[in-house]
Amino acid sequence: MLKLTNLCKTFNPGTVNRKTALDHLNLTVNDGDFITIIGSNGAGKSTLFNAICGTFYVDEGTVELDGENITYLPEYDRAKYLGHLFQDPMKGTAPSMTIEENLAVAYLRASTAKNAFFSRISSKEKKLFREQLARLDMGLEDRMKHPVGLLSGGQRQALTLLMATIVPPKLLLLDEHTAALDPGTAKKVLDLTRHIVSERNITCLMVTHNMHQALELGNRTLMMDAGRIVFDTSGEERTHMSVEDLLEKFSVGAGRGFDNDRILLSTAKE
Amino acid sequence: MFITWSIIQSALELGVIYALVALALFLSYSMLNVCDLSTDGCFTLGCAVGSVVAIAGHPFLALLAAMGACAVSGFVTAFLQTKLGVESLLAGIVVNTGLYTINISVMGKSNLNLNEATTVFTLLKGLTADTPLEPFHKLLLGAAFSALVVVFLLWFLNTRLGLSIRATGDNAAMVKSSSINPAFTITAGLCISGAITGLSGCLLGEYQKSCDINMGSGMVTIALASLIIGETLTRKRGSIPLRAVGVVLGSCLYRIVVAIALRFNLPASALKLVSAIIVAVAIASPQITAMIDFRQKKAAMEGKNFYRQLCLWFAALAAVIALVAVLVPSLRSLLLVDAVLILAFVWVLRKSRAARLQPAETGK
């Protein structure tokens, strides 16, 4: 459903700070895939996501979604089909607006009619928001009139997840969305993610820094280095893979050892 | 009597008319988080276009024409900042400068006289003639327009477009990911706030039966002062309807203060300085309280009483200003500045004390 062909992006071209973030990258994502992505610092994981959702336009190559070429479609137009969660829980919500109003803005993606601009939140939508919030099991359904700024990071991230999926997107991009949360909350948000993704059958790409998670979640794992995909595994091979195998595969693919402290530490811990 | 009802009434009349500018800034500054510096020129444009059309004999069309012209001006400001990458402050200043020429060419000269013209105010006066409402017709009309704009804003801010505009000021990235173009919400917001500013300019022209090329100068500061007074009255965390009503009250309160000041034979020109101080102190107050708090801690560590020092310094400053004001008659207006400074100082001091008593309160 998502097809990236020959994607290239260079930041600061022609200067000493020149950085090739995406280097002729090719990737085909199939319908219903849940892909986990790992890689060293600066491997281009976030750049890949930004290229997909149009934060910038790529230098070369094409982005196709469901057969439609969206390479030069502006970010806000792509947002109809894409959900994007960041590591920072503050990024996805408007702090001084209430939970209900945040959800209403996110729900705008559902409306297609032009006159929808002047419609108000209907009681039917309020009911829908309430039901959806109740499923987060955080008591947010009773705080719909509270400003989002009063919520904790975990609550905000759960709300952002709900906002991104309330109109099921064709593709959900999760950029280490649990990394800034404490372990308990992270687990909760991750469980929610798994639940929502499988229930609505959303195709999903997820960056993680946890190797166990990378192998355990989803059906396919990618490793990135220097703007390329150096290793791609799924199916039988993946089910039998251990973290050590993964590190081994990385050094074969990238021609050097793995240098992400956070990932290495998280492998050591568990 | 020092303050008569007629003085209060004319202050309120001006208050409700100028409240529209403050409401326009409520949309652009408080909601959209864009400081639109073209407000000065936009206000004059509204008055100029309105006056010309009213002189031609169409008092109602004048309101619409003024709103339309100012919406276009808002559109240009928005276009500069969203599509052409001009800094939002600079875009406002550039448009404001350009509007001066446009306003002169609309008016044909630097001031217009509407004494002969039919205005919405004279029309209402005719309607209410010989009824008990007659003495209040200007106030009623101004208040009706304020109420109309408040109701419109409350309705608008709860529509999806309004919510998107608020979200744009709060977190533009989120708006993009909800498939709304922030350039569009900024443009829509500035057009509407421009139209409201224009309506205010037009009403003022018809109210005071004249239009002057310089009437808008300092308008953005005065409106911000009203806005800040209003938001302080209702607390910033209050609900949107409360805040919108607070803005109108703030504008009326500002005009009453002005009226009182004028009773002290202060020149009207002194008020711009006072407005500037109100805005500066109100916006700077979190920094000032933080600084006072820090200095206080530091002084306590050194075994000094910081509050005494602060009060001494402040008293000295106030005394110097007062002395200058007394000695130089043409600078009498400084007395008002002195009064405002003292009030501001007391306010900041109280806030910093309150902040220390409740250190748990975090946020803005």
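Chain A is the first sequence line, chain B the second, and so forth, proteins listed ahead of strands; every chain is numbered from 1.
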Checklist entry - Can we say Lys45(A) and Asp175(A) salt-bridge, meaning some charged N sits less than 4.0 Å from an Asp/Glu carboxylate O? => result no
Checklist entry - Which value, rounded to the nearest 0.5 Å, describes the distance between Arg130(A) atom CZ and Leu128(A) atom CG? => result 12.5 Å
Checklist outcome for this item: Interface check, chain A: of Val175(B), Ile180(B), Asn171(B), most non-hydrogen pairs under 4.5 Å belong to Asn171(B)
Checklist entry - Looking at Met163(A), Glu125(A), Lys145(A), which one has more heavy-atom pairs under 4.5 Å with chain B than the rest? => result Glu125(A)
Next on the checklist: Any salt bridge linking Lys91(A) with Asp88(A)? Criterion: basic side-chain nitrogen under 4.0 Å from a carboxylate oxygen.
Outcome noted: no
Checklist entry - Quick one: which residues of residues 154-168 of chain B reach chain A at under 4.5 angstrom, heavy atoms only? => result Trp155(B), Phe156(B), Asn158(B), Thr159(B), Arg160(B), Leu161(B), Leu163(B), Ser164(B), Arg166(B), Ala167(B)
Item to check | Atom pair CE/OG1 of Met138(A) and Thr185(A) - distance to nearest 0.5 Å | outcome: 7.0 Å
Using distance only, find each side-chain donor-acceptor pair of residues 71-91 of chain B under 3.5 Å and give its atom names and separation, not counting sequence neighbours.
{"unit_1": "Thr77(B)", "atom_1": "OG1", "unit_2": "Ser73(B)", "atom_2": "O", "d": "2.9"}
{"unit_1": "Thr82(B)", "atom_1": "OG1", "unit_2": "Ala78(B)", "atom_2": "O", "d": "2.7"}

Next on the checklist: At a 4.5 Å cut-off on heavy atoms, which part of Met90(A) comes close to chain B: side chain, backbone, both, or neither?
Outcome noted: backbone
Checklist entry - Are Phe152(B) and Phe145(B) close enough that their ring centres sit under 6.0 Å apart? => result no
Next on the checklist: Whether the Ser96(A) and Asp170(B) side chains hold a donor-acceptor pair (N or O, under 3.5 Å, no angle test) is what I'd like checked.
Outcome noted: yes
